[in-house]
**Q** 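Okay, here's the structure, questions in a sec.
Letters A, B, ... mirror the listed sequences (proteins, then strands); counts begin at 1. The model shown is predicted, which means the values in this text are computed figures rather than measured ones.
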Amino acid sequence: MHKDIEIKSEFLRVLSSRGFIHDCTDIKGLDSQQCINKKLIAYVGYDATAQSLHVGHLVNIMMLRWLQKFGGQPITLIGGGTTRIGDPSFRSEERPILSIRNINSNVVSLRTIFNKYLNYKNEPNKALMVDNESWLTELNYLEFLRDFGKHFSINRMLSFDSVKTRLDREQSLSFLEFNYMLLQAYDFLELNRKFNCSLQIGGSDQWGNIVSGIDLIRRISNKHAFGLTSPLITTADGKKMGKSHGKAIWLNPKLLSPYEFWQFWRNTDDSDVTRFLLLYTELPYDDCIKYGALKGQQINDAKILLANQITELCHGKTASMKANTTAVKVFQHGEIDFNLPTQRISLNELKPMITISQLLIKSGLVSSGKEAKRLIAEDGARYNDKLITSPNLQLTEKDFKSPIKLSAGKKRHVLLKLETDQ
RNA sequence: GGAGGGGUGGCAGAGCGGUCAAAUGCAACGGACUGUAACUCCGUCGGGGAAACCCUACAUAGGUUCGAAUCCUAUCCCCUCCA
């Protein structure tokens, strides 16, 4: 594979050495083209299935950052149109169909994310933001089938792993979903025509869709386009990157506070540190290797560095430093810090009093009274760092003079604050 | 349209008239050990209640039975094969 090939261009060398490359449709061709023309134009597409992207998506954004750094031009495509269909690749069942309203609001929210990572302002290689809704909704069914549908072979499409698993498992694949590939292929063609975009970057699960686009470009425009996929990033325990404790690690601070974001990285598995430093930070290669190789207690310093770097990139220097200080206070000194996730509670809710179980539910640390009781029985619940021994402990307004810190286990802490407004 | 198979907890998957809030595995949660790690070990894992106990759940709606996830009927959904 690409490892055996002498890569000449700086951009691809960096990507390759840092572990970004899973596969490429033509690494040699892409490399030599890169050497001649620095201004490679590449795109990554994201469907608007949620309000935010999560850390799993960050890998491809980092790739675009490197691209821009080396003079290339990144295009971020938001799939306002394709989200209406839903990508079936490697999905075991059909995605729930989102309402147009829902999609539109997701699109708006997603647009705000990229500014932190890519430069959309300064020429000559400023990033572009596009939404495939603008051309996909224009398509006419009959024309589309005649002009493009004829270039797609069903036999070929069925042979892609992305749908094969679904078919092998005897799960239905609807015609709607089956069309997703054509639309994504068309996106690539459109960007190729309009902006001369010649590279599509995506996760390895996107291989089939990307290759289809390349084929379409060749057939329609007789041009040679490229595809580059990143490996599916998993954590050491084999889980897909992007979730922790069932919760997604969102990039949008409205959905996940910088403190919690920082904690996620701070809790990285030892064996993931090097990989993550390479993928998610821009520290020099040698430093990443050096820090990742630290042993024992010392590797914690590497994790802190990792957390600081990524949080700074995603949420800014101030937020990152705050998260770090909070962690020191909470974990090393067992103090209360106002930067901890905070829940507000209204005066009404504690009239005349409220049980500690109810408060635990309010805080979001547990989801039911039974769970609260269980947690307390297991000696896992703390109130201002004191062990809670009875689920019937009652609190009143007096106890809320200053915010209350509730903890579940050693790591999850929430502040409860009395609503101060009228 | 026809024939057959199937829908069980977050997922996978047992159970096929009572002992079923439902085996087992995974995931999750708490504890011990540690380094805010991993491994390992222990415990928990539908909801309400201080508790006795009560409520809701095995696709949906009815029925048979002292008793139903388990039997019957209808409906919906999925899969396979045939047309």
Side-chain angles (χ1 to χ4, degrees), chain A residues 88 90-94 96-97 163 165-177 234-249 259-277 291-308 311 323-335 337 339-341 353 355-358 360-361 363-383 385 387-394 405-414:
Chain A
F90 295 100
R91 303 273 304 191
S92 59
E93 51 193 47
E94 191 160 347
I97 295 181
V163 296
T165 39
R166 178 86 155 263
L167 299 172
D168 288 349
R169 289 178 69 179
E170 304 188 337
Q171 276 149 335
S172 91
L173 175 71
S174 72
F175 184 67
L176 174 82
E177 296 174 278
T234 51
T235 50
D237 45 356
K239 279 183 226 104
K240 236 191 198 177
M241 192 68 176
K243 294 210 165 149
S244 159
H245 306 299
K247 273 182 265 169
I249 305 303
Y259 168 76
E260 290 168 283
F261 185 81
W262 194 93
Q263 279 298 321
F264 170 76
W265 297 103
R266 174 63 247 263
N267 284 306
T268 298
D269 193 291
D270 283 9
S271 55
D272 286 332
V273 174
T274 311
R275 229 166 86 240
F276 289 178
L277 281 169
Y291 287 117
L294 290 173
K295 292 272 175 276
Q297 172 75 269
Q298 283 185 315
I299 195 147
N300 281 323
D301 296 338
K303 294 183 189 179
I304 291 168
L305 177 72
L306 175 71
N308 280 337
T311 310
N324 194 352
T325 339
T326 303
V328 170
K329 277 200 201 166
V330 172
F331 285 93
Q332 284 170 32
H333 308 306
E335 290 172 10
D337 188 275
N339 193 32
L340 284 172
M353 53 187 65
T355 65
I356 197 78
S357 310
Q358 286 304 308
L360 283 165
I361 298 174
S363 72
L365 291 171
V366 298
S367 54
S368 70
K370 268 256 195 288
E371 225 177 280
K373 252 173 247 175
R374 224 175 275 140
L375 186 70
I376 292 166
E378 289 169 330
D379 284 349
R382 274 158 210 279
Y383 158 44
D385 295 310
L387 199 65
I388 300 167
T389 48
S390 157
N392 302 315
L393 178 65
Q394 310 266 355
K405 177 176 158 197
L406 290 181
S407 315
K410 287 177 184 137
K411 292 194 184 176
R412 295 151 62 218
H413 309 281
V414 170

**Q** How far, in whole Å, is B:U56 from B:A21 if one measures between their P atoms?
**A**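 Those two atoms are separated by 14 Å.
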**Q** Counting side-chain heavy atoms from C-beta on, which of B:A50, B:U34, B:G47 comes nearest to A:Lys410?
**A**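 The nucleotide sitting nearest to the side chain is B:U34.
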**Q** Under 4.0 Å between a side-chain N/O of A:Arg374 and OP1 or OP2 of B:G47, yes or no?
**A**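 Answer is yes, contact under 4.0 Å.
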**Q** Rounding to an integer number of angstrom, what distance separates B:G43 and B:A50 when you compare their P atoms?
**A**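 Approximately 27 Å lies between the P atom of B:G43 and that of B:A50.
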**Q** What's the gap between B:C81 and B:A28 when it is taken at their C1' atoms, as a whole Å value?
**A**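 Here B:C81 and B:A28 have their C1' atoms 41 Å from each other.
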**Q** Could you measure between the two C1' atoms, the one in B:G1 and the one in B:G63, and give it in whole Å?
**A**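 The same atom, C1', in both gives a distance of 30 Å.
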**Q** Using a cut-off of strictly less than 4.0 Å, decide whether A:Arg412 has a side-chain nitrogen or oxygen near OP1 or OP2 of B:G30.
**A**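 So the side chain of A:Arg412 is within the cut-off, an N or O lying under 4.0 Å from OP1 or OP2 of B:G30.
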**Q** For the side chain of A:Lys370 and the base of B:G48, is some donor closer than 3.5 Å to an acceptor across the two?
**A**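 Under the 3.5 Å cut-off, the side chain and the base do form a donor-acceptor pair.
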**Q** So which atom in A:Ala408 and which in A:Leu375 form the shortest heavy-atom distance, rounded to 0.1 Å?
**A**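 That closest heavy-atom pairing would be CB-CD2, 3.7 Å.
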**Q** When you compare B:A57 with B:G30, how far apart are their P atoms, in angstrom units rounded to a whole number?
**A**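 Those two atoms are separated by 30 Å.
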**Q** Should B:A37 form a Watson-Crick or G-U wobble pair with both distances under 3.5 Å, which nucleotide is its partner?
**A**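 Its partner: none found.
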**Q** Give the rounded distance in Å between these two atoms: CZ of A:Phe264 and P of B:U36.
**A**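 After rounding, the reported distance stands at 19 Å.
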**Q** Looking at the side chain of A:Asp270, which of B:G47, B:U36, B:A37 is the nearest nucleotide?
**A**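 When the side chain of A:Asp270 is considered, B:A37 is the closest of B:G47, B:U36, B:A37.
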**Q** Suppose we call a contact any N or O donor and acceptor under 3.5 Å apart; does that hold for the side chain of A:Gln332 and the base of B:U36?
**A**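 In this structure, the two groups form no donor-acceptor pair.
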**Q** Quote, to the nearest angstrom, the C1' distance that separates B:A23 from B:C76.
**A**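 Comparing C1' positions in B:A23 and B:C76 gives a spacing of 30 Å.
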**Q** Applying the side-chain contact (heavy atoms from CB on, under 4.5 Å) criterion to A:Val366, which one of A:Glu371, A:Arg374, A:Arg412 satisfies it?
**A**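 Among A:Glu371, A:Arg374, A:Arg412, the one meeting side-chain contact (heavy atoms from CB on, under 4.5 Å) with A:Val366 is A:Glu371.
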**Q** Think A:Lys411 has a side-chain N or O under 4.0 angstrom from the OP1 or OP2 of B:A37?
**A**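 The answer is yes; a side-chain N or O of A:Lys411 sits under 4.0 Å from OP1 or OP2.
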**Q** If you check every side-chain atom of A:Glu378, which of B:U36, B:U44, B:G35 has the closest atom?
**A**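 Within the option list, the nearest is B:U44.
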**Q** Applying ring pair (Phe, Tyr, Trp, His ring centres under 6.0 Å), can you list everything that pairs with A:Tyr259, at least two apart in sequence or on another chain?
**A**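 Once residues adjacent in sequence are excluded, A:Tyr259 has no partner under the ring pair (Phe, Tyr, Trp, His ring centres under 6.0 Å) criterion.
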**Q** Both distances below 3.5 Å, Watson-Crick or wobble geometry, any strand: find the nucleotide opposite B:A61.
**A**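 B:A61 is paired with B:U73.
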**Q** Return whichever of A:Gly409 or A:Ile304 has its heavy-atom-nearest nucleotide of RNA chain B closer to the 5' end.
**A**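 The answer here is A:Gly409.
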**Q** Rounding to the closest angstrom, what is the interatomic distance between B:G2 and B:G10 at atom C1'?
**A**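 About 38 Å, rounded to a whole number of Å.
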**Q** Within the side chain of A:Thr268, is there an N or O that forms a donor-acceptor pair under 3.5 Å with the backbone of A:Trp265?
**A**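 Yes; at least one donor-acceptor contact below 3.5 Å.
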